[in-house]
2 protein chains.
Amino acid sequence: MARSRGDALELAVLGLLSQAPMHGYELRKRVTSLLGWGRVLSYGSLYPCLRTMQQEGLITEDTTTEPPTARPSRRGKVVYKLTAEGKERFATLASAGGPSAWDDENFGVHFAFFGSISTENRLRILEGRRSRLEERLEGVRSTLARSRERLDSYTLELQRHGLESVEHEVRWLTELIDNERVDRQARAADGPQTITSSAGTVPPAAENRE
Amino acid sequence: MARSRGDALELAVLGLLSQAPMHGYELRKRVTSLLGWGRVLSYGSLYPCLRTMQQEGLITEDTTTEPPTARPSRRGKVVYKLTAEGKERFATLASAGGPSAWDDENFGVHFAFFGSISTENRLRILEGRRSRLEERLEGVRSTLARSRERLDSYTLELQRHGLESVEHEVRWLTELIDNERVDRQARAADGPQTITSSAGTVPPAAENRE
DNA sequence: TTCGTCATGTAATGGGTTACATGATTAC
DNA sequence: GTAATCATGTAACCCATTACATGACGAA
């Protein structure tokens, strides 16, 4: 029934609402197109999630938009915004570098909100994702080595292409990691007098949930 | 309860059993590693599916393996094989070029069994998959064009990488399609009298299973 | 006035994983 | 004899999709 909400969807909603208040319809469009969501997010999934989050006090209806036309009878058209608690939760979830952040469905959402977290946390997530993929690579390579000659050409080609795709993502991650490191380096060299940027939103040693 | 079995899993089981009889445990390993399955297939998913398929008469227990040690009391260790009906079903499902074959979860499984279907059907599936991806590309490109300046750099980078990955797969598909076309051409030019050499002409796509 | 899009919501259902329970076989 | 792996199976749960029902608003 109302028992929805996987972490990924909650983070997505929190993150999008942290950028601007909006209603469910718009949220759906953005989750579907902007994050690495892959499939279309359905209302049957989104609305129950919004309700739950509202009950938990993470979001509220935003009554500041469109205040003059106070027509109480109008159905729907609810604009949601984050509460203080919701903002806190977003900071926590987005920065969480635990294993759940490195898998396929979650990583994209985390990445899309990298602008809201510290370089340290970005690095943690990026590196975690990369080593996750490297494990996968290792697994595929070893099964391939063990059974290459027994596989027909199409199965082999499928494996080859899969390997190639993952390798491509690993290279991408490596570039991103290098950039973040340069960034960190630059900030460190900049000297300790700059307080603002270093750990901005969340203390460097963020929690591991789960 | 026993109401499992999406098309992908059924096709996977049928295809693997068409290569050799085996038991559930081995099936799970192969589905997980050989096809483009992505995640680990769970027993909670596989065994109910096998039962259903057995009830439908697509598979049976293979008693020919290990016949001397006729110990009827032994639990489990059931080797499954295809029935005639199962072989028929496999041929039908594997060749089916409908829209369901082009989406992410199904395409890999279909591709892995390309060795069992005709060049025509391979082309249908390959082309369907490609146009599916091209639609996706078009969608991403247009939303990107509409909102590029409003996106923060990480979201943008995510889109860019997503685009790149899909483009990569499209190029891969195009190569495969070209190979299949050359193959078909060669067979046509070869004339109706030579039946034997059908798939031998082009390196990448040779050899039917076993 | 009707069509397309915006907008919200629910019920049924589907198909999967997790965690658990059980036991045989092999290697050390 | 014991640990690891092979092997089969069930029940509980999770979370998403599908299909449906409803209705407002703007433009042609």
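Because the structure is a prediction, the values reported are computed rather than measured. Note on naming: letters A, B, ... go to the chains in the order of the sequence lines (proteins, then strands), and numbering restarts at 1 for each one. All heavy atoms count here, side chains included; hydrogens, waters and symmetry mates do not.
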*Asks:* How far does the helix from C/dT1-D/dA28 to C/dC28-D/dG1 bend, going by the axes of its first and last five pairs, to the nearest 10°?
*Replies:* 30°
*Asks:* If the condition is side chain to side chain donor-acceptor pair (under 3.5 Å), which residues does A/R129 pass it with, not counting sequence neighbours?
*Replies:* A/D104, A/E169
*Asks:* Taking only side-chain N and O atoms of B/S42, does any of them lie within less than 4.0 angstrom of OP1 or OP2 on C/dT18?
*Replies:* no
*Asks:* Does A/R141 come within less than 4.0 Å of A/E167, counting only side-chain N to carboxylate O?
*Replies:* yes
*Asks:* Once you round it to whole Å, what is the distance between P of D/dA4 and OH of B/Y25?
*Replies:* 14 Å
*Asks:* May I have the distance from B/E26 (atom CD) to D/dT8 (atom P), rounded to whole angstrom?
*Replies:* 10 Å
*Asks:* Which class fits the ring pair A/Y25 and A/Y43: parallel under 30°, tilted 30 to 60°, perpendicular over 60°?
*Replies:* parallel
*Asks:* Respond yes when some side-chain nitrogen or oxygen of A/R51 is under 4.0 Å from OP1 or OP2 of C/dG9, and no when none is.
*Replies:* no
*Asks:* In whole Å, I'd like the distance from the NE2 atom of B/H23 to the P atom of C/dA24.
*Replies:* 16 Å
*Asks:* In terms of side-chain heavy atoms of A/Y43, which of D/dC6, C/dT8, C/dG16 is nearest?
*Replies:* C/dT8
*Asks:* How long is the gap from CG on B/L34 to OG1 on A/T155, to the nearest 0.5 Å?
*Replies:* 6.0 Å
*Asks:* Take atom CG of A/L46 and atom P of D/dT18, then tell me their distance rounded to the nearest Å.
*Replies:* 15 Å
*Asks:* For the rings on A/H161 and B/H168, is their centre-to-centre separation under 6.0 Å?
*Replies:* yes
*Asks:* Identify which nucleotide among D/dT17, C/dT17, D/dA7 has an atom closest to any side-chain atom of B/L41, counting heavy atoms from C-beta outward.
*Replies:* C/dT17
*Asks:* Rounded to the nearest 0.5 Å, how far apart are CG of B/L93 and CD1 of B/I117?
*Replies:* 11.5 Å
*Asks:* Roughly, in whole Å, what's the span from OH in A/Y47 to C1' in D/dC15?
*Replies:* 18 Å
*Asks:* Check the distance between D/dA16's P and A/D7's CG and give it to me in whole angstrom.
*Replies:* 10 Å
*Asks:* Can you measure A/M22 atom CE to C/dA7 atom C1' for me and round it to whole angstrom units?
*Replies:* 15 Å
*Asks:* Test B/R89 against B/T92 for side chain to side chain donor-acceptor pair (under 3.5 Å), laying out the working first.
*Replies:* CA-CA 5 Å; B/R89 180 112 178 106; B/T92 307; over 6 Å; no
*Asks:* Between B/M53 (CE) and D/dT8 (P), how many Å, whole number?
*Replies:* 15 Å
